[in-house]
Number of protein chains: 2
Amino acid sequence: MDQVSPQRKRAGRRPTIADIAKIVGVSKVSVSNALNGQPGVSEATRARIAEVAEEIGFVRNSAARALSGAKSSAVGLALARPARMLGTEPFFMELIGGIENVLSDASYSLALQVVSDHERGLEAYRRWWGERQIDGAILVDLREDDARVPALEEIGLPTVVIGHPSGSGSLTPVWSDDAAAIRETLEYLAALGHRRVGRVAGLTGLVHTSQRDAAFAAVCRELGLEAAPVIHTDYTGMEGARATRRLLLSPARPTAILYDNDMTAVAGLSVAQEMGLRVPEDLSIVAWDDSPLVQVVRPPLTALTRDIHAYGAHAARILLALISGEKSEGYEDAAPQLTPRGSTAAPPA
Amino acid sequence: MDQVSPQRKRAGRRPTIADIAKIVGVSKVSVSNALNGQPGVSEATRARIAEVAEEIGFVRNSAARALSGAKSSAVGLALARPARMLGTEPFFMELIGGIENVLSDASYSLALQVVSDHERGLEAYRRWWGERQIDGAILVDLREDDARVPALEEIGLPTVVIGHPSGSGSLTPVWSDDAAAIRETLEYLAALGHRRVGRVAGLTGLVHTSQRDAAFAAVCRELGLEAAPVIHTDYTGMEGARATRRLLLSPARPTAILYDNDMTAVAGLSVAQEMGLRVPEDLSIVAWDDSPLVQVVRPPLTALTRDIHAYGAHAARILLALISGEKSEGYEDAAPQLTPRGSTAAPPA
DNA sequence: AACAAGCAGTTAACCGGTTGTCCACGATGG
DNA sequence: CCATCGTGGACAACCGGTTAACTGCTTGTT
């Protein structure tokens with residue numbers, strides 16, 4: 001009866017299990033058990049409860065449930081980027097799409113926060129965890145000596161790191177073999193006859209950047225290629241253009257350039273064409289990450305294709321497994337595949 | 001004392017206000033009030049409580065707070081897109097960046113769900129609301145006769161619609177004057193001497209598409225321009241290329257084309273160049289939405305610039321106001337500004 | 001002097017589920 | 001015929017924080 005006069009009976013009060021209990025004539029507990037498939041409720045009552053719940057439009061109050069120690073059915077992802085740069089990165093949207101796909105099948109939702117740097121990102125994870133908002137976390141943009149790794153290890157939050165195991169500590173990594181992709185690309189360029197290959201790389205400090213740097217140097221040496229200087233950028237078109245200009249004006253101008261993302265590659269293409277170089281006759285271009293962008297320019301760019309969507313999906317799947325208590329060694333995703341298009345050819349004689 | 005023996009005393013129990021209360025020697029309520037800046041607590045006690053809270057690393061349990069009818073400090077955004085298409089749309093990432101910026105200052109987080117269609121999107125909003133996961137919602141991709149509008153009106157969730165007031169019902173709209181932008185563009189093209197202008201539009205059924213369609217037709221008539229057929233696309237490069245091809249092969253080939261987003265414009269540029277047309281000498285191109293993408297191609301594209309980041313920020317700010325009970329008429333953002341670049345010039349004689 | 005008002009706190013109840021404990025009832029078994 | 005067991009279900013306590021109502025006590029008013 002005390003249900004009838006709460007201090008502030010809101011007009012559109014949402015139905016609770018107590019309402020169902022009253023209607024069916026059983027206790028709250030039975031309703032809870034019935035709705036959760038717990039034993040101790042007869043089939044008949046169970047059916048009746050389900051029916052009434054449906055009828056009055058009952059929705060579980062996840063706050064109440066979480067309060068009683070249950071899961072919160074959400075995972076967190078803090079993206080450390082200057083917000084204005086996000087739009088230029090198809091990568092993350094695709095990744096998020098893949099993650100979401102898996103999560104929503106499990107009725108999990110994704111808490112997303114865009115922060116300015118890793119420090120604030122860590123704060124976000126801490127807050128989410130403190131408030132029991134999330135059951136697990138996904139870490140991206142792994143850096144060398146990333147402070148977030150030990151921090152998340154300490155609070156014991158199930159976490160999947162998108163990045164190479166070498167930097168993920170005891171957290172579960174999901175990664176791809178970038179070195180293999182570099183090798184495939186350089187072998188391809190060497191076979192075409194290129195002897196001097198440049199590289200426009202991404203942000204220094206990121207684990208995958210230095211891994212690619214290392215692989216690039218190693219494979220060049222191995223294949224007897226002359227490695228032009230590696231120039232690091234922030235992935236924007238502007239820096240990609242500048243880096244390309246520097247490479248093309250250097251005394252030892254490369255005959256092919258490998259870019260770390262699609263945007264810098266497209267910018268590089270424009271710069272080359274502006275400088276009167278024909279692509280691919282005078283300069284070959286390879287972009288890391290296939291995307292509509294690299295396919296829409298002329299010539300369409302040879303690219304390292306990977307299924308980013310699947311990548312995100314794998315990460316999410318493993319995270320869900322971790323949350324449900326399973327152990328996981330992580331997952332090595334397929335290495336990026338070289339997709340030759342019109343931007344690569346034999347170097348000028 | 002009952003604190004000491006809960007049925008399952010987890011090892012790393014997180015501190016609660018009861019712990020603080022015990023240490024400081026006051027009641028839970030005083031702690032709650034102190035921490036929330038409520039009156040009824042002396043400055044001294046307040047300081048002491050803050051100190052202890054900091055010391056033992058207290059974090060509010062938002063589930064418990066939400067259970068007591070408080071806000072959940074999150075807003076929801078369900079994005080209805082085939083997940084794989086997201087990456088191609090800088091627009092949304094920028095928008096989300098802007099939203100996030102404002103939200104995080106208010107310690108709000110954004111619940112994001114990528115769904116396949118509006119129906120599933122509505123489900124997401126319903127679930128979030130039912131579970132008290134969100135205090136407000138943001139609606140994008142407004143369609144004509146959008147079923148989500150009456151649904152959200154009915155459940156009474158504070159909602160901001162990104163889209164024109166004509167379709168937002170009693171929900172609060174945030175929009176920009178697309179008609180003005182169309183007018184500015186067409187006047188500019190007319191002044192250059194163009195007489196026949198084509199348009200590669202976005203998805204039919206979206207409110208802003210038909211608004212632009214209508215404005216385009218009206219202004220063409222007004223200026224005495226011959227409107228080439230409007231071709232609708234799904235915003236992808238592929239359809240943009242196809243549409244461009246159709247326009248350029250039509251008997252009444254336009255001398256200028258206005259595209260509804262950056263991707264189709266860039267695709268159109270490539271198609272034109274492939275067909276041997278020089279841009280801007282033979283064909284002028286204008287892209288809706290400025291982005292790194294349109295600036296990185298050659299020639300860089302004349303574009304309708306708008307500050308999407310600010311757009312998202314405005315929406316978020318208004319939503320927060322709605323949540324705190326204020327009324328709002330909505331907000332008309334600045335109309336997109338024409339930014340002339342190298343892709344527009346006088347038509348061939 | 002008497003009373004209202006304000007301040008700093010307290011206690012109890014409550015939000016909506018979940019969990020541990022206990023009970024009544026009927027069937028089973030020896 | 002009585003002890004045992006299994007089953008559907010009830011009851012109370014609890015999760016952690018918020019709100020309403022109330023209690024002393026100090027201060028200001030008239």
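Keep in mind that what you see is a predicted model, and the values were worked out from it rather than measured. First the proteins, then the strands, lettered A, B, ... as listed; each starts at 1.
Distance CD (E43(A)) to C1' (dG8(D)): 12 Å, rounded to an integer number of Å. As a whole-Å value, the separation of R65(B) CZ from dG17(C) P is 21 Å. For the pair L67(B) CG and dC15(C) C1', the interatomic distance rounds to 4 Å; values are reported in whole Å. For the pair N61(B) CG and dG17(C) C1', the interatomic distance rounds to 14 Å; values are reported in whole Å. The CG atom of L35(A) sits 14 Å away from the P atom of dT19(C) (whole-angstrom rounding). I49(A) has its CD1 atom 13 Å from the P atom of dG17(C), to the nearest Å. Atom P of nucleotide dT21(C) and atom CG of N33(A) are separated by 15 Å, given to the nearest angstrom.
Between R148(A) and the options E153(A), E119(A), H118(A), a side-chain hydrogen bond (donor to acceptor under 3.5 Å, both in side chains) holds for only H118(A).
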Practice item. Mind running salt bridge (Lys or Arg N to Asp or Glu O under 4.0 Å) on E123(B) and R126(B) for me, showing each step along the way? Key: CA-CA 5 Å; E123(B) 267 172 38; R126(B) 281 226 168 86; over 6 Å; no
Exercise for review: Begin from the C-alpha positions of V160(A) and L171(A) and carry the test side-chain contact (heavy atoms from CB on, under 4.5 Å) through to its verdict.
Suggested key: CA-CA 6 Å; V160(A) 165; L171(A) 303 177; over 6 Å; no
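Position along DNA chain C of the nearest nucleotide to P39(B) versus R60(A) favours P39(B) as the more 5'-ward residue. Of the two residues contacting DNA chain C, namely R46(B) and A64(B), the nearest-nucleotide position lying further toward the 5' end is that of R46(B). The 5' end of DNA chain D is approached more closely, in terms of each residue's nearest nucleotide, by A63(B) than by the other of Q38(B) and A63(B).
The residue V26(A) sits close only to the backbone: its heavy atoms come under 4.0 Å of sugar-phosphate atoms, none of a base. Note on V41(A): only backbone sugar-phosphate atoms sit closer than 4.0 angstrom, heavy atoms only; bases stay farther off. As judged by a 4.0 angstrom heavy-atom cut-off over every strand, S42(A) is placed among residues touching the sugar-phosphate backbone only. S62(B) comes within contact range of no nucleotide atom at all, as no heavy-atom separation falls under 4.0 Å.
Residue T16(A) places no side-chain atom within donor-acceptor reach of the base of dG16(C), judged by atom type and a 3.5 Å distance cut-off alone.
Checking Q38(A) against R46(A) by side-chain atom types alone, no donor-acceptor pair falls below 3.5 Å.
The aromatic rings of H314(B) and Y331(B) sit tilted relative to each other, their planes meeting at an angle between 30° and 60°.
The side chain of S27(A) lies closest to dA10(D), out of dA10(D), dT10(C), dT18(D). In the set dT18(D), dT18(C), dT10(C), dT18(C) carries the atom at the smallest distance from any side-chain atom of N36(A).
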